[in-house]
Structures are given as C-alpha cells and as structure tokens.
Amino acid sequence: MDLFNSVLNFVVPPASLVMLAFSWPALCFISGLEWLYNQFNGEIMEDKVVIITGASSGIGEQIAYEYAKRRAQLVLVARRDTRLRGIAENARFLGAKHVLIIAADVVKEEDCRRFINETINIYGRVDHLVNTVSLGHTFSFEEVTDTSVFPQLLDINFWGNVYPTYVALPYLRQTHGKVIVNASVESWLPLPRMSIYAAAKAALVNFYETLRLEVRDEVGITTATHGWIVSEMSRGRFMVDEGAEMQWKEEREVQASGGPVEDFARLIVAGACRGDPYVKYPSWYDIFLLYRVFAPNILNWTFRMILPTHGTRRTSLVGTGRPISSEGRNNGRNFTKETSW
C-alpha cells in the first residue's frame, strides 16, 4: 500500500494538471453556455414562498428586499420581531405579495420546526430557504478566558444553518426548491482573530458541499461567499445582543471589499434564481485559493508582512471573559477597547 500511494503521489498531481490544462477551454465554453442559458431562463419568483432566516438586519434584510422586488411571498425569521415589522412593510412596498414574520431562534430545532410548519400551514409549500444568520468575533484565541462562547459561535454559524435545512428539506424536495447559504471567504482563507468563526464557516461550507452530492438535482444549493467586511466590528463599534457575551456581525452599513451589502444581496438572489451553485463577491479572491493550494508559504509570508504585529489595535474583548472599561459603554450596548495586538 505504501508503494502504491508513493506511485500515485508521483503520478496523479502532474497528470491531473495536464488534464485540467487541456480541458480548461472546453469547460469554460460549457460554463459560458450554461450562464447564457440561465440568464434567459432564470426562475420566476412571483408567488413563490421564500423563508429568510436572520432577516432583521444586514444581508438578510437586503435579500428580503430583492425577493420582494421579484414579487415573492416572504417568511421573515429572526429572534425578535420588532425590527421585522418595519422590514415587512418595506418589502410589501417593494412588491412582495405577502409577508409573514415569525420570531424564532434558529439554533433550536423545535423553533425551526415551528416556523417551517407554520409556513407550510399558511402557504402549503417552500421554494427557497435562505440562511443568513452569522456571528463574528474579533478576539485572539489566547485572549479568551470564558470558553462558553465557543459553542455559541458554532451554534449560530453552523447549527443555525443546519437545523432549518434539515426541517425544510422534505418540502424543498417536493418543489425542487433551493437552499441559499451565507458563507465567507474565511472558510478557506482564515485571518487572525477570527479562529472560531473561520472554523465554523469551513464546517458549514463542507456540510453543504456534501449535501449537494446527496440531494443531487432534486434541491439546488447556492453557496454565497463574500470577501472581508469592513463593518462596525472592524471600526471598533460593537453591539451586544440582549446582553449576550458576543457580537452579532452587523452588515447593515457594510462595505464588502468596496461594494455595498445591497450589491452582494442582489448577486445572491440573482444567482439563486439562475441556479448557480456558487456566488462570489468579489470574485478576484479566488486567486488566493491557488496560492493556498500550490504556494501556501508565500501566502503566509504575505499576510505576516501586511498584517500589523505591534502597536495598539481596536478589538472586542466581549466574550473573552475579560473586563471591559466603562469608557467603552454607550447606553449599555456599544463597546470599544484599545489593546495591544
């Protein structure tokens, strides 16, 4: 067996690269034809039923507006329905046929069953399930003294997507529906101070890649990957959600690598309606994947040179178990903290 693997180690990589080089033009041509076909034969969403989790802000809110413009029937899900009421009114104004708001926690399987069953009881079907819940952090792994935040981060970023998918999947099979996933470039290009978040996103992407093989063509899966986000978190302004010792990754006023969150939401919905398996914003981040596979040392050296390693840095100590100065408080909800890198 060792000899067999040694031979394959020597033969398979160069042979695969040669095959890929020869087949690349044909693959690009076929992909181009598929893209043109889908441009003119995308799914018509009028009267279709779309469930959007994490719809109270950020990408979830903007995705709701994009589906509203396509005259879909919306089910907006978040833990609190106060903000959902205003978003529902906006969606109706933009063209949504009907909007249902449901307060639910997606990390609880019973809550997921409740809002899926309520959707089926009212509309009788589910066509798209859009999972947008996301919870980020900006603390170094060694800063953490309260490890209870670890499962909470994984709950939101992983199980908060898996549970709704698990419950909705039988109904999505009936309509040949789609699941849309809000992923992140950190799933394969991790950055410092985002260790748990990056691990959760990597698990999420691999889960849906496996599920794609299992459901085949019966249910479509669109994985949306955005680049690094300049958000309130990176500017040193943080929002504590109902006193929880962690931060919601707010994307309400986000510039995602120079482009607004509205553009990303528009691309996600358009890609889902075309049946695209992947939506990337911006797409030039893909070049880093080549470096990660073929020249990981170069990528590591580059990050070490461009990322600061000394001086002060704004960071969140919420969720680390360390005290937060009262100077960083703003009405008991917003925190900033200066600390050394």
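Only heavy atoms go into these numbers, but all of them, side chains included; no hydrogens, no water, no symmetry mates.
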(request) Count the heavy atoms belonging to other residues, nucleotides or ligands that lie under 6.0 Å from OH of Tyr291, then report whether that count exceeds 12. (result) no
(request) Using modelled atom types only, decide if a donor and an acceptor are shared between the side chain of Thr132 and the backbone of Gly54 within a distance under 3.5 Å. (result) yes
(message) Check whether Asp146 reaches the backbone of Ser148 with its side chain - one donor and one acceptor, N or O, closer than 3.5 Å.
(response) yes
(request) Kindly work out whether a path of hydrophobic side-chain contacts (I/L/V/M/F/W/Y, heavy atoms less than 4.5 Å apart) joins Val12 to Met19. (result) no
(request) Using a strict 4.0 Å threshold on nitrogen-to-oxygen distance, state whether Arg113 and Asp111 make a salt bridge. (result) no
(request) Inspect the contact between Arg92 and Glu89 and indicate whether a charged nitrogen and a carboxylate oxygen are less than 4.0 angstrom apart. (result) yes
(request) Say whether Asn157 and Tyr197, considering side chains only, have a donor N or O and an acceptor N or O under 3.5 Å apart. (result) no
(request) Using ring-ring contact (aromatic ring centres under 6.0 Å, His included) as the criterion, list what pairs up with Tyr166, not counting sequence neighbours. (result) none
(message) Within a 6.0 Å radius of atom CG on Asp217, are there more than 12 heavy atoms belonging to other residues, nucleotides or ligands?
(response) no
(message) Given 3.5 Å as the limit, does a donor-acceptor pair link the side chain of Asp127 with the main chain of Gly177, or not?
(response) no
(message) Which label fits Phe141 and Phe150: parallel for a plane angle under 30°, tilted from 30 to 60°, or perpendicular past 60°?
(response) parallel
(message) Are there over 12 heavy-atom neighbours, none belonging to Ile44, within less than 6.0 Å of that residue's CD1?
(response) no
(request) Would you please indicate if the ring centroids of His226 and Phe264 are separated by under 6.0 Å? (result) yes
(request) Report the residue from Arg212, Arg173, Lys178 that forms a salt bridge (Lys or Arg N to Asp or Glu O under 4.0 Å) with Glu218. (result) Arg173
(request) Could you tell me whether Lys97 and Glu46 make a salt bridge, using a distance below 4.0 angstrom between a side-chain N and a carboxylate O? (result) yes
(request) Measure from the side-chain N and O atoms of Ser187 to the backbone N and O of Val205, and report whether any donor-acceptor pair falls under 3.5 Å. (result) no
(message) Do Arg114 and Tyr163 form a cation-pi contact, if we require the NZ or CZ to be under 6.0 Å from the six-membered ring centre and within 45 degrees of the ring's axis?
(response) no
(request) Look up atom CD1 in Ile180 and atom CD1 in Ile63, then write down how far apart they are to the nearest 0.5 Å. (result) 8.0 Å
(request) Go through the structure and list residues passing salt bridge (charged side-chain N to carboxylate O under 4.0 Å, His left out) with Lys48, not counting sequence neighbours. (result) Glu43
